[in-house]
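All residue numbers in this chain count up from 1 along the given sequence. Any value given below was found using the heavy atoms of this structure, including those in side chains, with hydrogens, waters and symmetry copies removed.
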Amino acid sequence: QVQLVESGGGSVQAGGSLRLSCVTSGFRFGGTCMGWFRQAPGKEREKVATYYTNRGATYYADSVRGRFAATQENGKKVIYLQMNSLKPEDTAMYYCATDPNLLWIECRDIDEFPYWGQGTQVTVFS
């Protein structure tokens with residue numbers, strides 16, 4: 001059973017940093033497409049980043065490129081979203097997602113994932 005559990009959200013002042021974690025289980029972690037998404041109240045869901053485990057990031061949204069970085073921890077089935085220079089417009093619920101059946105070349109452009117976590121709230125105040 002695929003499970004994704006996010007954590008690490010919170011409230012932070014603009015300019016600060018947070019690191020979100022996504023603990024995974026129930027599927028082959030190595031060589032898997034993972035995604036980070038966010039959704040603010042009243043707005044559409046936005047794809048923030050995609051990451052192919054053991055190969056690296058495959059996509060960053062323009063709104064976060066250079067400030068956010070998706071990574072993984074070697075030996076653990078965990079991916080992270082390091083968020084620096086946070087802005088009030090980064091305030092949203094953040095979700096991780098996975099599709100274990102995608103190839104690396106497909107990971108960049110995928111928007112629909114079959115498996116999702118419950119989300120973690122990030123609030124950035126000015």
Side-chain angles (χ1 to χ4, degrees):
Q1 180 181 1
V2 174
Q3 288 193 323
L4 305 171
V5 180
E6 303 96 331
S7 62
S11 294
V12 63
Q13 192 169 21
S17 298
L18 285 173
R19 188 178 77 162
L20 306 184
S21 301
C22 177
V23 177
T24 76
S25 62
F27 60 98
R28 182 198 73 247
F29 183 75
T32 297
C33 184
M34 306 290 302
W36 283 103
F37 290 78
R38 66 186 181 186
Q39 188 164 23
K43 294 188 176 181
E44 292 188 356
R45 186 180 69 194
E46 178 186 14
K47 185 170 69 175
V48 174
T50 58
Y51 185 91
Y52 202 82
T53 56
N54 298 348
R55 296 198 69 166
T58 53
Y59 169 87
Y60 289 107
D62 290 342
S63 56
V64 308
R65 189 175 295 113
R67 300 188 298 121
F68 290 12
T71 62
Q72 70 182 86
E73 184 168 354
N74 290 337
K76 294 187 178 182
K77 298 180 180 181
V78 182
I79 63 165
Y80 300 99
L81 186 67
Q82 178 67 45
M83 306 186 296
N84 299 324
S85 302
L86 282 161
K87 304 175 181 180
E89 51 264 43
D90 295 319
T91 295
M93 185 72 80
Y94 284 72
Y95 301 88
C96 72
T98 188
D99 188 338
N101 296 316
L102 288 180
L103 301 175
W104 170 76
I105 197 170
E106 299 170 314
C107 191
R108 180 186 186 279
D109 295 325
I110 188 70
D111 289 317
E112 296 298 328
F113 284 77
Y115 302 104
W116 294 81
Q118 83 290 348
T120 186
Q121 177 67 38
V122 171
T123 302
V124 184
F125 55 92
S126 56

Do you see a donor-acceptor pair shorter than 3.5 Å between the side chains of E89 and S63? no
Gap between atom CG of L18 and atom OH of Y80 - 0.5 Å precision: 14.5 Å
Using a 3.5 Å distance criterion without hydrogens, assess whether the side chain of Y95 forms a donor-acceptor pair with backbone atoms of Q39. no
The reported gap from SG in C33 to CD1 in I105 (rounded to nearest 0.5 angstrom) is 12.5 Å
Between Y60 (side chain only) and A70 (backbone N and O only), is there a donor and an acceptor less than 3.5 Å apart? yes
Just verifying a value: how many Å separate F68 CZ and S85 OG, rounded to the nearest 0.5 Å? 9.0 Å
What residues form a side-chain hydrogen bond (donor to acceptor under 3.5 Å, both in side chains) with D62, not counting sequence neighbours? R65
Between CG of D99 and CD of E106, what distance do you get to the nearest 0.5 Å? 8.5 Å
Nearest 0.5 Å, please: how far is OG1 in T53 from CD1 in I79? 8.5 Å
Hydrophobic cluster identity match, L86 and L20, side-chain contacts under 4.5 Å: yes
Do the side chains of V23 and S25 get nearer than 4.5 Å, heavy atoms only? no
When you look at CZ of F29, are more than 12 heavy atoms from neighbouring residues, nucleotides or ligands closer to it than 6.0 Å? yes
Suppose the criterion is salt bridge (charged side-chain N to carboxylate O under 4.0 Å, His left out): which pairs have a residue in residues 74-88, not counting sequence neighbours? E73-K76
Parallel, tilted or perpendicular for F113 and W116, by the 30°/60° rule? perpendicular
With sequence neighbours excluded, tell me which residues meet side-chain hydrogen bond (donor to acceptor under 3.5 Å, both in side chains) with Y94. R38
Heavy-atom closest pair (T58 atom, Y52 atom, distance to 0.1 Å) is CG2-CB, 4.2 Å
Do any N or O atoms from the side chain of T120 and from the backbone of E6 form a donor-acceptor pair under 3.5 angstrom? no
Which atoms form the tightest heavy-atom contact between Q121 and A92, and what is the distance? NE2-O, 3.4 Å
Taking a hydrophobic cluster as the set of Ile, Leu, Val, Met, Phe, Trp and Tyr residues connected by side-chain heavy atoms closer than 4.5 Å, whether directly or through intermediates, do Y59 and V48 fall within one such cluster? no
Does the Q72 side chain pair with the main chain of N54, one donor and one acceptor, at a distance under 3.5 Å? yes
Determine, using the 4.5 Å side-chain heavy-atom cutoff (strictly less than), whether L102 and L4 are members of one ILVMFWY cluster. no
If you group Ile, Leu, Val, Met, Phe, Trp and Tyr by side-chain heavy-atom gaps below 4.5 Å, do L103 and I110 land in one group? no
Assess whether side-chain contact (heavy atoms from CB on, under 4.5 Å) is satisfied between M34 and T24, documenting all intermediate values. CA-CA 10 Å; M34 306 290 302; T24 76; 3.9 Å; yes
Considering all heavy atoms of both residues, which atom of R67 and which atom of D90 are nearest to each other, and what is their separation? NH1-OD2, 2.8 Å
Which pair of non-hydrogen atoms, one from S17 and one from N84, has the smallest distance, and what is that distance? OG-OD1, 2.9 Å
OG1 (T32) and CZ (F27) are apart, to the nearest 0.5 Å, by 5.5 Å
Cluster question for you: counting only ILVMFWY and a side-chain heavy-atom cut-off of under 4.5 Å, with indirect links fine, are F37 and V64 together? no
Does T123 use its side chain to pair, donor to acceptor, with the backbone of T91 at less than 3.5 Å? no
Grab the two heavy atoms, one from V124 and one from Q13, that are nearest each other, plus how far apart they are. CG1-C, 4.1 Å
